[in-house]
Amino acid sequence: MNIILLGPPGAGKGTQARRLVDERNMVQLSTGDMLRAARTSGTEMGKIVADVMDRGDLVTDEIVIGLIREELEKDQASGGYIFDGFPRTLAQADALGRLLIDMGENLDAVVEMQVDDEALVARITARATCASCGEVYNDNTKPIPADGKCSNCGSTEITRRADDNEESLRTRLLAYYKQTSPLIGYYYAKGDLKSVDGLASMDEVSASIAKALE
Ligand code: AMP
């Protein structure tokens, strides 16, 4: 089964994707994580995208489609792929459709995670992530443990993303509404769209996603 998790920044796509990976042996393909990895490893592409990402703008279609193509060529997903943060433009959606056809694969569902903007700002500005395992913390609802160690993997590298500040977030939200939200209509018209309430508790959201994937 191949699915897309669609939703604005802070909707909880990464958290739910990791749960699906654990539960269903799926492979998470997060273009955001791939781009961040490219930055930390100092590749040419990482340097090119760094400013764009920090501002909160979208990286070019060519770069992200290339990253996804490379991953799909590895053919690693026995349980299928979860596309997390990709596609974000109609051109990316078309490219993904073609890549899947070339592989003889289908897109089984597009899960839209609905959240309101105020909740997103509150969530994102309070967010911290374990650099080692991706566990997500929130200053209000799930604070970083007092000893500074990740409760999931024990790493002490719990960091805040450079683009998790109010200014970048506004730009990211604008990019979402201008460039990504048209995909909701696009996938609805194709008959692939399922919408879930992303503001419910993590377990409730997981249950709604499971139901949407039945
Ligand atoms: P994310 O971790 O998904 O919130 O992505 C962080 C940042 O990476 C975004 O604000 C964009 O600058 C960039 N990015 C991630 N995925 C894409 C994509 N599919 N298309 C364009 N830019 C992307």
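In listed order, ligands and their atoms are each counted from 1. The chain is numbered in sequence order, starting from 1. What you see is a predicted model; the values in this text were computed from it and never measured.
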* Asked: Which bit of D84 gets closer than 4.0 Å to ligand 1, counting heavy atoms only: side chain, backbone, both or neither?
  -> neither
* Asked: Residues in salt bridge (Lys or Arg N to Asp or Glu O under 4.0 Å) with E118, at least two apart?
  -> none
* Output yes when D102 and R69 qualify as a salt bridge under the 4.0 Å nitrogen-oxygen rule, no when they do not. => no
* Under a 4.0 Å heavy-atom limit, does R36 contact ligand 1 with its side chain, its backbone, both, or neither? -> side chain
* Just need the protein heavy atom nearest to atom 11 (C) of ligand 1, so name the residue and atom and give the distance. => D57 O, 3.4 Å
* Structure fact -> heavy-atom search around atom 5 (O) of ligand 1 in the protein gives R88 NH2, 3.5 Å
* To do: Between M34 and ligand 1, find which residue part has any heavy-atom pair under 4.0 Å and reply side chain, backbone, both or neither.
  => neither
* To do: Check whether any side-chain heavy atom of E70 lies under 4.5 Å from a side-chain heavy atom of M34, and answer yes or no.
  => no
* **atom 8 (O) of ligand 1 - nearest protein heavy atom and its distance** => M53 CE, 3.4 Å
* Asked: Looking at ligand 1, does any of its N/O atoms fall within less than 3.5 Å of an N/O of V59?
  -> yes
* Asked: Salt bridge between K194 and D108, side-chain N to carboxylate O under 4.0 Å?
  -> no
* Answer yes or no: does an N/O atom from G85 fall short of 3.5 Å to an N/O atom of ligand 1? => yes
* Return yes or no for this condition: an N or O of D33 is under 3.5 Å from an N or O of ligand 1. => no
* Asked: Please walk me through it: do V205 and T15 pass side chain to side chain contact (heavy atoms under 4.5 Å, CB included)?
  -> CA-CA 10 Å; V205 178; T15 301; over 6 Å; no
* Any idea which part of L35 is under 4.0 Å from ligand 1, heavy-atom wise: side chain, backbone, both or neither? -> side chain
* Interatomic spacing from CD in Q16 to CD1 in I3 - rounded to 0.5 Å -> 10.0 Å
